[in-house]
There are 2 protein chains.
Amino acid sequence: MEYTRENISTKLRNHGINPTHQRIEIAHALFSRHEHLSADQVMAIVNTRHAETSKATVYNTLRLFLEKGMIRELVVDPTKIFFDPNTTPHHHMYEVDTGRLSDIHGDIQITGLPPLPPGLVTEGVDLIVRVRHAS
Amino acid sequence: MEYTRENISTKLRNHGINPTHQRIEIAHALFSRHEHLSADQVMAIVNTRHAETSKATVYNTLRLFLEKGMIRELVVDPTKIFFDPNTTPHHHMYEVDTGRLSDIHGDIQITGLPPLPPGLVTEGVDLIVRVRHAS
DNA sequence: AGGATAATTAGACAAAGTCTAGTATTTTGT
DNA sequence: ACAAAATACTAGACTTTGTCTAATTATCCT
């Protein structure tokens with residue numbers, strides 16, 4: 001699938017989001033790349049050439065996308081949150097010395113998880129393999 | 001094992017850490033409870049009664065303990081880091097609506113992880129089950 | 001078009017964590 | 001035990017990520 005502005009508008013509408021200029025640009029930044037971006041990276045991408053989108057809008061929009069289930073939040077780096085346009089179940093590798101974050105592909109199985117206490121519902125299961133470069 | 005100041009001093013020395021007043025108090029805060037504490041929680045515990053330990057020392061000391069492998073860092077909450085005095089392999093459950101973080105007990109197996117790219121070494125594998133209270 | 005609603009903005013603010021330069025404590029060598 | 005050297009601690013300024021607010025602008029609906 002190609003991420004034209006048109007397609008992105010449709011995608012936004014499908015998620016119940018009003019497609020505005022800024023939202024389209026932010027979604028485009030996330031979906032046209034296949035990377036995990038932090039809020040300030042999104043901000044930088046969207047505002048190359050002319051400043052177009054404010055910090056507040058970037059943060060608001062990312063949280064909106066999150067709530068609507070269009071993207072996923074990754075709490076991995078101690079200093080900032082990354083956003084992942086891929087919402088299908090998959091896991092991550094984090095290079096602690098460089099801050100690089102990448103997907104782990106493959107058929108990963110997790111067994112032996114005890115049942116949840118009553119009243120709790122699973123939101124997601126995050127598996128992060130922390131690695132570093134050999135010295 | 002009981003966490004007397006004496007025992008904690010020995011533990012610090014075993015990890016190659018010079019046991020000072022502040023370090024003993026911080027280690028005591030972490031090890032005498034069996035909880036995951038954030039830096040400001042440690043700060044608050046250590047400074048009940050009289051203010052004794054500065055913010056800089058709390059942060060420096062926690063990082064020192066980390067480097068020496070005496071505690072473990074948990075990147076789970078988007079706003080703060082938690083420190084875990086239990087360094088044996090185990091996993092966590094995080095209640096996203098309350099911020100509560102707890103251990104998962106049981107024999108959890110993770111299979112299907114692909115081999116690491118050459119030059120990379122595993123630091124650790126973190127598994128976090130994110131849950132919320134049913135509405 | 002025009003009023004209502006929704007979205008965006010600049011900039012002030014908050015909180016976690018880092019850094020610095022000076023002071024205090026601890027250790028070491030004699 | 002004492003002085004010098006090394007290590008540790010401190011207050012407070014600073015940085016960074018993210019939030020909030022009140023005012024402005026864009027969009028939608030009839």
Side-chain angles (χ1 to χ4, degrees), chain A residues 5 8-10 12-13 15-30 36-47 50-68 70-71 73-84 96 99 101, chain B residues 5 8-10 12-13 15-30 36-47 50-68 70-71 73-84 96 99 101:
Chain A
R5 264 57 174 179
I8 285 175
S9 280
T10 311
L12 288 168
R13 261 187 277 267
H15 281 86
I17 297 167
N18 220 324
T20 64
H21 275 188
Q22 288 87 339
R23 289 172 179 174
I24 291 170
E25 287 311 307
I26 291 169
H28 186 262
L30 282 161
H36 311 95
L37 299 178
S38 62
D40 56 317
Q41 286 176 312
V42 170
M43 179 101 178
I45 291 169
V46 163
N47 287 334
H50 322 291
E52 292 174 333
T53 305
S54 71
K55 188 166 68 148
T57 298
V58 170
Y59 279 94
N60 288 344
T61 301
L62 289 170
R63 289 216 300 169
L64 177 67
F65 288 1
L66 261 185
E67 281 163 25
K68 299 293 186 180
M70 220 177 76
I71 62 176
E73 185 184 41
L74 299 177
V75 182
V76 165
D77 182 298
T79 70
K80 65 184 73 150
I81 294 172
F82 282 96
F83 297 91
D84 189 343
V96 295
L101 180 61
Chain B
R5 264 58 174 179
I8 286 176
S9 280
T10 310
L12 288 168
R13 259 187 278 267
H15 281 86
I17 297 168
N18 221 325
T20 64
H21 274 188
Q22 288 87 340
R23 288 172 180 174
I24 291 171
E25 287 310 308
I26 291 170
H28 186 262
L30 282 162
H36 312 94
L37 299 178
S38 62
D40 55 318
Q41 287 176 311
V42 170
M43 179 101 178
I45 291 168
V46 163
N47 287 334
H50 323 290
E52 291 175 333
T53 307
S54 72
K55 188 165 68 148
T57 298
V58 170
Y59 279 95
N60 288 344
T61 301
L62 289 170
R63 290 216 298 170
L64 177 66
F65 287 2
L66 261 185
E67 279 163 27
K68 299 294 186 179
M70 221 178 75
I71 62 175
E73 185 183 40
L74 299 177
V75 182
V76 164
D77 181 298
T79 69
K80 65 184 74 150
I81 295 172
F82 282 96
F83 297 92
D84 190 343
V96 295
L101 180 61

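Just so it is clear: chains get the letters A, B, ... in the order the sequence lines come, proteins before strands, and each one is counted from 1.
- Put simply, B:Ser54 has a side-chain N or O that comes within less than 4.0 Å of OP1 or OP2 on D:dT10.
- Atom CD in A:Glu67 sits about 15 Å away from atom C1' in C:dA7, given to the nearest Å.
- The shortest side-chain heavy-atom distance between B:Leu30 and B:Phe83 falls under the 4.5 Å cut-off.
- Using a 4.0 Å heavy-atom criterion, one finds that B:Thr79 contacts the sugar-phosphate atoms exclusively.
- Residue B:Tyr59 has a polar side-chain atom (N or O) positioned under 4.0 Å from OP1 or OP2 of C:dG17.
- Here the P atom of nucleotide D:dT10 and the NE2 atom of B:His21 are 11 Å apart, to the nearest Å.
- In this entry the distance linking CZ of B:Arg23 with C1' of D:dA8 reads 6 Å, nearest Å.
- Separating the CD1 atom of B:Ile81 from the P atom of D:dT17 is a distance of 13 Å, rounded to the nearest angstrom.
- Rounded to whole Å, atom C1' of C:dA16 lies 13 Å from atom CZ of B:Arg63.
- Here C:dA7 presents its P atom at 15 Å from CG of A:Leu62, a figure rounded to the nearest Å.
- When every heavy atom of B:Leu101 is checked against every heavy atom of B:His36, the shortest pair comes out as O-ND1, 3.4 Å.
- When heavy atoms are screened at a 4.0 angstrom cut-off, A:Thr20 is found touching the sugar-phosphate backbone but no base atom.
- In this structure, the nucleotide among C:dT8, C:dC19, D:dA8 sitting nearest to the side chain of B:Asn18 is D:dA8.
- Residue A:Asn60 contributes atom CG, which lies 9 Å from atom C1' of C:dA7 at whole-angstrom precision.
- Put simply, the side chain of B:Lys55 and the base of C:dG17 share a donor and an acceptor less than 3.5 Å apart.
- Nearest approach of B:Phe82 to B:Ser38, heavy atoms of both residues: CD2-N, 3.7 Å.
- Put simply, the side chain of A:Arg23 reaches to within 4.5 Å of the side chain of A:Leu64, judged on heavy atoms.
- Residue order along DNA chain C, read from the 5' end via each residue's closest nucleotide, puts B:Lys80 first among B:Pro19 and B:Lys80.
- A:Gln22 has a side-chain polar atom (N or O) that falls below the 4.0 Å cut-off from OP1 or OP2 of C:dT9.
- Look at CG on A:Leu64: it is 9 Å from P on C:dT8, rounded to the nearest Å.
- Pairing each heavy atom of A:Ile24 with each of A:Arg5, the nearest pair is CG2-CG, 3.7 Å.
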